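Worksheet: the structure to be examined is printed underneath.
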Amino acid sequence: MKLLQLAQELKSTQAALVLSEENRLYLTGFPSSNGTLLVTRDGNIFWTDSRYYEMACDAVEDAEVQLQDQLYAQVHEQLQKFGCTEILVEASRMTLDTLNTWRKMLPSYSFNVSNRLDRLTDSLREVKTEAEAEKMQRAQDIAEAALTELLPLVKPGAAERDLANELEYKMRRLGADGISFDTIVVSGENSSKPHGVPGERLIQTGDFVTIDFGAIYRHYHSDCTRTFAVGQPTEEMVNVYETVKRAQQAGLDCLRAGVAGADLDRTARDVIREAGYGEYFGHSTGHGVGVEIHEHPYAGPKSEDFLTEGSVVTCEPGIYLPGKFGVRIEDFVLVTASGHRNFCHLTKDLIVL
Ligand code: ZN
Ligand code: ZN
């Protein structure tokens with residue numbers, strides 16, 4: 001259906017050449033490492049090789065599937081049939097090498113290398129259908145169930161890396177098709193690195209442990225972060241935690257269709273700044289989530305994106321004190337006309353394990 005929406009945005013002489021894995025998946029519903037999708041007003045064709053051909057015939061939606069043989073000649077033939085003279089390419093996703101090859105093989109066509117096709121696909125992807133939202137909810141439900149199973153293992157003596165591996169295994173066992181990104185489990189002074197890599201460090205009493213994790217369900221990602229205390233936290237730790245929690249809630253409270261991504265960022269950031277920790281929050285407040293873990297809309301200080309009804313965005317402020325500890329709290333939510341629907345149901349009260 002999204003493929004047909006894209007076709008409607010094209011002129012009759014234009015063809016969209018979709019090569020990127022994520023956009024082919026999004027538009028056809030079919031995942032494959034090899035494939036070429038041609039979208040026009042008058043018809044859509046998907047070419048793939050013998051490894052995928054039979055599966056593609058069953059699974060590709062809204063496009064005719066053809067076995068890839070002499071690809072450039074096949075594309076040329078269809079472009080002639082559809083009367084197309086201009087080819088829109090995915091400027092932000094195509095390498096120069098690939099573009100040069102296509103230009104050489106199809107010299108009689110004009111290639112549109114503006115970002116028009118990327119903008120079209122990005123804006124389609126940004127607005128989720130209810131079916132897409134349901135898959136993301138399912139991904140989060142699986143991830144939350146896995147985290148709940150993991151928590152009894154988060155205790156002094158446990159290694160970060162073991163906990164990360166265990167959480168990934170649990171997500172898969174509970175029905176995830178994959179994991180959204182390498183799971184982050186960072187503890188103690190390691191937790192001051194926002195995207196730290198879980199290592200051999202053993203969790204100690206008095207640590208904060210930050211866990212950033214996500215599952216994939218039917219190609220859709222989830223993304224959530226919680227920070228836990230192992231043993232009694234210090235007053236400073238509690239103060240930082242409560243500041244991040246207030247910032248995150250302020251961000252969520254301002255969410256609704258029409259709000260600028262930059263405003264979401266500022267709303268959360270102001271709380272942290274006013275508490276005196278502004279310099280310790282270096283990353284953006286949020287990003288979109290869908291068939292990719294990072295997509296539009298973006299919510300950073302320089303973002304020009306607006307949150308539309310049906311878009312999915314994270315709200316994930318943090319405070320990171322180098323050499324000491326860090327705290328991040330992250331939910332991802334569906335933006336609605338009057339507010340949002342939160343996919344995450346784990347408590348944000350500070351849990352002392
Ligand atoms: Zn995350
Ligand atoms: Zn995130």
Side-chain angles (χ1 to χ4, degrees), residues 22 125-126 128 132-133 135-137 139-148 150 154 160 163-164 167-168 170-171 176 178-187 190-198 208-217 219-228 241 244-245 247-252 255 261-262 264-265 267-269 272 281-303 305 307 311-320 326-335 340-348:
E22 65 272 18
R125 279 173 49 178
E126 198 171 314
K128 269 68 178 178
E132 289 177 290
K135 288 173 190 165
M136 299 176 87
Q137 184 64 65
Q140 178 59 18
D141 290 348
I142 290 167
E144 287 189 6
L147 186 80
T148 305
L150 183 81
V154 181
E160 294 172 349
L163 292 172
L167 182 56
E168 292 182 1
K170 287 181 186 300
M171 287 194 281
I179 52 162
S180 294
F181 48 86
D182 287 345
T183 302
I184 296 171
V185 177
V186 283
S187 61
N190 256 357
S191 63
S192 72
K193 301 165 189 122
H195 272 195
V197 179
F208 263 148
V209 179
T210 297
I211 304 181
D212 191 346
F213 62 111
I216 298 175
Y217 183 76
H219 315 302
Y220 284 81
H221 296 68
S222 71
D223 190 7
C224 178
T225 307
R226 289 293 183 267
T227 299
F228 304 94
Y241 186 93
V244 173
K245 187 178 153 191
Q248 207 258 353
Q249 191 59 49
L252 291 178
L255 279 177
L264 164 58
D265 183 84
T267 305
R269 196 171 298 280
I272 289 175
F281 175 26
H283 59 75
S284 296
T285 296
H287 57 85
V289 184
V291 292
E292 285 186 289
I293 184 63
H294 295 128
E295 57 180 57
H296 289 279
Y298 289 99
K302 292 179 183 152
S303 169
D305 290 350
L307 309 176
S311 61
V312 169
V313 71
T314 68
C315 180
E316 51 178 306
I319 295 174
Y320 311 92
V327 173
R328 178 167 65 258
I329 301 174
E330 173 181 30
D331 289 334
F332 76 117
V333 307
L334 182 75
V335 178
H340 69 272
R341 198 169 92 203
N342 201 329
F343 292 112
C344 307
H345 299 108
L346 296 164
T347 182
K348 284 172 267 187

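Ligands are counted one by one from 1 in listed order, and the atoms in each one are counted from 1 as well. It should be emphasised that the depicted structure is a prediction, and the values quoted were computed from it without experimental measurement.
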What N, O or S atom of Glu330 is found closest to the Zn ion (ligand 1)?
OE1
How is the N/O/S atom of Asp212 that comes nearest to the Zn ion (ligand 1) named?
OD1
When you measure from the side chain of Glu22 to the backbone N and O of Val291, does any donor-acceptor pair fall under 3.5 Å?
no
Treating Asp265 as the side-chain partner and Thr285 as the backbone partner, does any N or O pair qualify as donor plus acceptor under 3.5 Å?
yes
Decide, counting backbone as well as side-chain atoms, whether Glu316 has an N, O or S atom less than 2.8 Å from the Zn ion (ligand 1).
no
Rounded to 10°, the OD2/Asp223 to the Zn ion (ligand 2) to NE2/His287 angle comes out at 90°
Side-chain H-bond candidate by donor/acceptor type, Glu316 with His287, under 3.5 Å:
yes
Tyr320 and His283: aromatic ring centres closer than 6.0 Å?
yes
